[in-house]
Number of protein chains: 2
Amino acid sequence: MMTELKEKLAENKTLSRLERERFIAMFKAMGNPIRYEMMEYMLKFPGCNTTNIVDHLPIAQATVSQHLKVLKESGLVSGELEGPATCYCLNDENVNWFKETVQRIF
Amino acid sequence: MMTELKEKLAENKTLSRLERERFIAMFKAMGNPIRYEMMEYMLKFPGCNTTNIVDHLPIAQATVSQHLKVLKESGLVSGELEGPATCYCLNDENVNWFKETVQRIF
DNA sequence: AACATATATCGTATATTTACGATATATAAG
DNA sequence: CTTATATATCGTAAATATACGATATATGTT
């Protein structure tokens, strides 16, 4: 019956309204070349801070901050204060949920 | 050695410039609520035509057609002429590539 | 408290996306 | 070849996203 449950979950192609909104927000967040690059950078350098990201990209600090906000709001990225800086990482839990949901839905 | 190759491919987190562009275009395409709904609809009703989709959505035919173009250009969706109508389906090959790439990259 | 450093937010210009009605195109039927 | 039906494209208005400089906030240091 554990197996049956797993199969049921694996086949279930519906999301609650909030899950669906989050799922779409994640697609939207990654559907921008700058933000996609940021995701790749954080994957490569977990714990990097805003300055690292700004140095790595051809855009102004204010714009980086704006993009980080979109990524954070989608749930894909987490930032935690470390002294005067903020360290950014992929939010593993939410990224895994995204990956599982992609497999499940399509 | 087949196993090693598989592992190598599974771990490879880089995409060519064109693959990367397509990957981002797919995220962008699905990052819109109307287009996401269209994807779900085509998943549920493969081979549906534009009229079916128009009837299912709260937007004008011209707008549906525009969104379908975005989905087609991303590679996620294929349309083939069937008489005077166009039948739409998810492009399984490309959707599977997307799913595999999501697993591989993140 | 004053200062330096790191990041976020504000205001705003520009670019892109979204949506529509009108119109063009393309196929099948008569 | 005219008509009906299905879809795509055009032109355009309105909404949203992107980018920037200027400024605010927040933390650690002196």
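What's counted below: heavy atoms across the whole structure, side chains too, no hydrogens, waters or symmetry copies. Predicted model only: the values in this text are computed from it and were never measured. Chain identifiers are assigned alphabetically (A, B, ...) following the order of the sequence lines, protein sequences preceding nucleic acid strands; residue numbering begins at 1 within each chain.
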Next on the checklist: Please classify the nucleic acid contact of A:T51 as base, sugar-phosphate, or nothing, using heavy-atom distances under 4.0 Å.
Outcome noted: sugar-phosphate
Next on the checklist: What is the distance, to the nearest angstrom, from the CD atom on A:Q61 to the P atom on D:dA26?
Outcome noted: 15 Å
Checklist entry - Whole Å only: how far is the CG atom of A:L68 from the C1' atom of C:dT9? => result 14 Å
Item to check | Donor-acceptor contact below 3.5 Å, side chain B:N52 vs main chain B:N49 | outcome: yes
Checklist entry - If you look at every strand shown and take non-hydrogen atoms under 4.0 Å, does B:S65 touch a base, only sugar-phosphate, or nothing? => result base
Item to check | Gap between atoms CG and C1', on A:N49 and C:dA6 respectively (whole Å) | outcome: 8 Å
Checklist entry - Roughly, in whole Å, what's the span from CD1 in A:I59 to P in C:dA8? => result 13 Å
Item to check | Closest to the A:R35 side chain, choosing from D:dA19, D:dT18, C:dG21 | outcome: D:dT18
Item to check | Sidechain N-carboxylate O distance under 4.0 Å for A:R17, A:E21 | outcome: yes
Checklist entry - Out of D:dT7, C:dC20, D:dT16, which nucleotide sits closest to the side chain of A:K28? => result D:dT16
Checklist entry - Roughly how many Å is it from OH in A:Y88 to P in C:dT7, rounded to a whole number? => result 8 Å
Checklist entry - So what does B:A62 hit on the nucleic acid, given a heavy-atom distance under 4.0 Å: a base, only sugar-phosphate, or nothing? => result base
Next on the checklist: I need the CG-P distance between A:N32 and D:dT16, as an integer number of Å.
Outcome noted: 18 Å
Item to check | Test side chain to side chain donor-acceptor pair (under 3.5 Å) applied to A:S74 - qualifying residues, sequence neighbours left out | outcome: none
Next on the checklist: Within this structure, what is the CD-CG distance for the pair A:E40 and A:L90, rounded to the nearest 0.5 Å?
Outcome noted: 10.5 Å
Next on the checklist: Under 4.0 Å, heavy atom to any atom of DNA chain D: which of residues 72-81 of chain B qualify?
Outcome noted: B:K72
Checklist outcome for this item: Of A:G83 and A:H67, the one whose nearest nucleotide on DNA chain D sits closer to the 5' end is A:H67
Checklist entry - Is a salt bridge present between A:E37 and B:R20, judged by a nitrogen-to-oxygen distance below 4.0 Å? => result yes
Next on the checklist: Considering every strand and a 4.0 Å limit on heavy-atom distances, what is the contact class for A:T50: base, sugar-phosphate, or nothing?
Outcome noted: sugar-phosphate
Next on the checklist: The side chain of A:P84 is closest to which nucleotide in this list: D:dT7, D:dT18, D:dT27?
Outcome noted: D:dT27
Checklist entry - Is a donor-acceptor contact shorter than 3.5 angstrom present between the side chain of B:Q66 and the base of D:dA8? => result no
Checklist entry - Roughly how many Å is it from CG in B:L71 to C1' in C:dT17, rounded to a whole number? => result 14 Å
Item to check | Test of ring centre spacing under 6.0 Å for A:F106 and B:F98 | outcome: no
Next on the checklist: Side chain of A:A85 only, heavy atoms from C-beta on: which candidate in D:dC20, C:dT9, C:dA6 is closest?
Outcome noted: C:dA6
Checklist entry - Between A:F27 and B:F27, how do the two ring planes meet: parallel, tilted or perpendicular, split at 30° and 60°? => result tilted
Next on the checklist: Between C1' on D:dA19 and CD1 on A:I53, what's the gap in Å once rounded to a whole number?
Outcome noted: 17 Å
Next on the checklist: Grouping I, L, V, M, F, W and Y whenever their side-chain heavy atoms are under 4.5 Å apart, do A:V70 and A:M30 come out in a common cluster?
Outcome noted: no
